[in-house]
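In what follows, chains carry the letters A, B, and so on, assigned in the order in which the sequence lines appear, proteins first and then strands, with residues in each chain numbered from 1. Scope of the values below: all heavy atoms of this structure, side chains included, with no hydrogens, waters or symmetry mates.
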2 protein chains.
Amino acid sequence: MDLSDNTIERICKIFGYLHALEKKGVDFVSSKDLAKMVGATEYTIRKDISFLGGPGYTRKGYEVRSFKKELGQRFQLTEKRKACIIGLGRLGTALLDYENFQEDGFEIVAGFDCNVNKIERIRTSIDVFAVSRLAEIVDARNIELGIIAVPAESAQEIADQLAAAGVKGILNFSPVKISVPEGIVHVDMDFTNALRFIAARFVMMKK
Amino acid sequence: MDLSDNTIERICKIFGYLHALEKKGVDFVSSKDLAKMVGATEYTIRKDISFLGGPGYTRKGYEVRSFKKELGQRFQLTEKRKACIIGLGRLGTALLDYENFQEDGFEIVAGFDCNVNKIERIRTSIDVFAVSRLAEIVDARNIELGIIAVPAESAQEIADQLAAAGVKGILNFSPVKISVPEGIVHVDMDFTNALRFIAARFVMMKK
DNA sequence: ATCTTCTAGTGAATTAATTCACAAATAATA
DNA sequence: TATTATTTGTGAATTAATTCACTAGAAGAT
Ligand SMILES: NC(=O)c1ccc[n+]([C@@H]2O[C@H](COP(=O)([O-])OP(=O)(O)OC[C@H]3O[C@@H](n4cnc5c(N)ncnc54)[C@H](O)[C@@H]3O)[C@@H](O)[C@H]2O)c1
Ligand SMILES: NC(=O)c1ccc[n+]([C@@H]2O[C@H](COP(=O)([O-])OP(=O)(O)OC[C@H]3O[C@@H](n4cnc5c(N)ncnc54)[C@H](O)[C@@H]3O)[C@@H](O)[C@H]2O)c1
């Protein structure tokens, strides 16, 4: 059975929400509550969960801890995954020190930039390198994810290097669509496009 | 006729791509090319465009300039929209000075933070204010969009204030789902979730 | 003990989205 | 000029996604 992207996306959100509930000490959660959190209907949520064979309890819902654990195992969301950031400008450095990634199962283990002076000046607890050492470090440190925060014109080039270096996934913050070889998962996060979507959406609403 | 979110999203991407093509001096673009850029099939793209009644030319495709202009008008993507950022920490300050927004039709006209010392120390060409003045400034400057970059625990509170102040759209970078009154469009941009999606996606792929 | 209410699970129905298939148009080519 | 190759536009077909409608089980109320 392979799940649709929509389903995977909802499940990731559910996982995040379960994480929060667990910290709050909540024991059970209903499909209705989950639905509200991820922006879907309770039917859809139950269908999603049914693909996973999740164990729900009548009149109580899903047991937060065990459900989260199961999702974590199923999607390997629990074991820490190593990531690196390429491009240590304003956005890249903000991401470098973002502690939440750590808590959420991602560990930034290296930063890269082409500007060697910049590398020397950056104050952070994370190791930073010249981008020429990308392949070497990705390999040595078993890095699975690459986060692109370089200017648009270099984004594809970096994506190619990451792919060649053997990462399995890429999160791209530059405002161009990158293309990657089959077998590598990537997501383009274009802030401008999100703003456009919002703008277009509310223009549509008026009609 | 109201367009689906998927269609709106693709159209926003198309708009961005047309913008780039225009700068490059390209005159025509085919549905096939557009499809490649937005990650859809040419059929889907043509259907999307057909909802808009777009004028395509046989064997040439769509005329970049006029098509972009039409989309701009239809979705009011051309006239500059005013936005503000709340939370001037690492992410918020990176966004403050991101020049691309300007070029892409969005203008950051104010920043807000609750930390008054911080406000005094920030070096930027954009006006920054104490968050207590949010409603006042949003109103005075006709701000339509709010960008939330405060810690998770304050995000909903700020969303409420933005809604009360009368913004029409909210882009939320904090890792919680915010809820907003009917009639306000919002997008949650959760980086961690994007990473999770990538991770889950490539686990799925292996099976 | 019985009744009511709530919630999961799921096949069927519905709705939505995508893809196909092909006509029409026209640029390029021979 | 005739032919070929492309490319749009769109109704029909297909596929995918969501919602409905119902069963079953268990908690809580009476
Ligand atoms: N700053 C923002 O708020 C923001 C918002 C949305 C999108 N973005 C996008 O994120 C990316 C980074 O933005 P930024 O504002 O941090 O830019 P920036 O100019 O501050 O930083 C870019 C960094 O990348 C480095 N770099 C350039 N080419 C490189 C290469 N080939 N290899 C390695 N490093 C290289 C530069 O030395 C610099 O340190 C851009 O694509 C931008 O469009 C930024
Ligand atoms: N830094 C990142 O790379 C990153 C990545 C993903 C998500 N985020 C999210 O973006 C948000 C901001 O992250 P950050 O790293 O910039 O945090 P930060 O702590 O550096 O900055 C937060 C800012 O918000 C201000 N603030 C707090 N409460 C406020 C309130 N009620 N009203 C106005 N201002 C308030 C603080 O004074 C501070 O300046 C967080 O929700 C974070 O989870 C950040």
Side-chain angles (χ1 to χ4, degrees), chain A residues 1-15 17-18 21 26-71 74 197 200-201 204-205, chain B residues 1-15 17-18 21 26-71 74 197 200-201 204-205:
Chain A
M1 179 74 199
D2 52 272
L3 310 179
S4 72
D5 279 2
N6 281 356
T7 294
I8 296 179
E9 215 172 310
R10 284 190 296 260
I11 286 174
C12 289
K13 286 187 193 166
I14 288 175
F15 184 84
Y17 185 43
L18 290 173
L21 289 175
V26 176
D27 288 331
F28 287 90
V29 64
S30 69
S31 55
K32 225 179 194 164
D33 289 342
L34 290 173
K36 201 135 32 108
M37 288 313 294
V38 311
T41 67
E42 52 178 314
Y43 318 116
T44 302
I45 296 298
R46 288 207 295 274
K47 257 297 190 271
D48 286 344
I49 294 176
S50 80
F51 297 139
L52 273 46
Y57 300 96
T58 297
R59 236 195 109 117
K60 291 174 100 182
Y62 305 90
E63 214 249 309
V64 173
R65 292 168 64 83
S66 65
F67 187 28
K68 188 197 153 194
K69 196 170 150 198
E70 203 213 305
L71 287 184
R74 182 68 133 71
F197 177 83
R201 196 73 174 54
M204 287 305 297
M205 250 164 38
Chain B
M1 179 75 200
D2 53 272
L3 309 178
S4 72
D5 278 2
N6 282 355
T7 294
I8 296 179
E9 214 172 311
R10 284 190 295 261
I11 285 175
C12 289
K13 286 186 191 168
I14 288 174
F15 185 84
Y17 185 44
L18 290 174
L21 289 176
V26 176
D27 288 331
F28 287 90
V29 63
S30 69
S31 55
K32 225 178 193 164
D33 290 341
L34 290 173
K36 202 136 29 107
M37 289 313 295
V38 310
T41 66
E42 53 177 313
Y43 318 115
T44 302
I45 297 298
R46 286 209 295 274
K47 259 290 192 279
D48 286 345
I49 294 176
S50 80
F51 297 138
L52 273 48
Y57 300 97
T58 296
R59 238 196 108 120
K60 290 173 100 180
Y62 305 89
E63 215 249 308
V64 173
R65 293 169 63 84
S66 66
F67 187 28
K68 187 197 153 195
K69 196 171 152 198
E70 203 213 304
L71 287 184
R74 181 69 133 69
F197 177 83
R201 197 71 176 56
M204 288 306 297
M205 251 165 35

### Query
When every nucleotide of nucleotides 1-11 of chain C is labelled 5' to 3' by its protein contacts under 4.0 Å (heavy atoms), B for base, S for sugar-phosphate only, - for none, what sequence of letters results?
----BBBBBBB

### Query
Looking at residues at least two apart in the chain, or sitting in another chain, which of them share a side-chain hydrogen bond (donor to acceptor under 3.5 Å, both in side chains) with A/K68?
A/H19, A/E22

### Task
Go through DNA chain D in 5' to 3' direction and return only the first and the last nucleotide with some atom under 4.0 Å of chain B's heavy atoms.
D/dA5 to D/dA12

### Task
Using the test ring-ring contact (aromatic ring centres under 6.0 Å, His included), find all partners of A/Y62 that sit at least two apart in sequence or belong to another chain.
A/F67

### Query
Reckon A/T7 touches a base, only the sugar-phosphate, or nothing at all at heavy-atom distances under 4.0 Å?
nothing

Donor-acceptor list for residues 52-59 of chain A side chains, cut-off 3.5 Å, not counting sequence neighbours:
none

### Task
Go through the structure and list residues passing salt bridge (Lys or Arg N to Asp or Glu O under 4.0 Å) with B/D27, not counting sequence neighbours.
none

#### Entry: Those residues that, when tested against B/S50, pass side-chain contact (heavy atoms from CB on, under 4.5 Å) (two or more places apart)
B/K47

### Task
State, to 0.1 Å, how close A/D2 and B/M204 come at their nearest heavy-atom pair, and which atoms those are.
CA-CE, 4.3 Å

## Note on the structure
Taken in chain and number order and not counting sequence neighbours, the residues that satisfy side-chain hydrogen bond (donor to acceptor under 3.5 Å, both in side chains) with B/E70 are none

#### Entry: Test side-chain contact (heavy atoms from CB on, under 4.5 Å) applied to B/A35 - qualifying residues, sequence neighbours left out
B/E42, B/I45

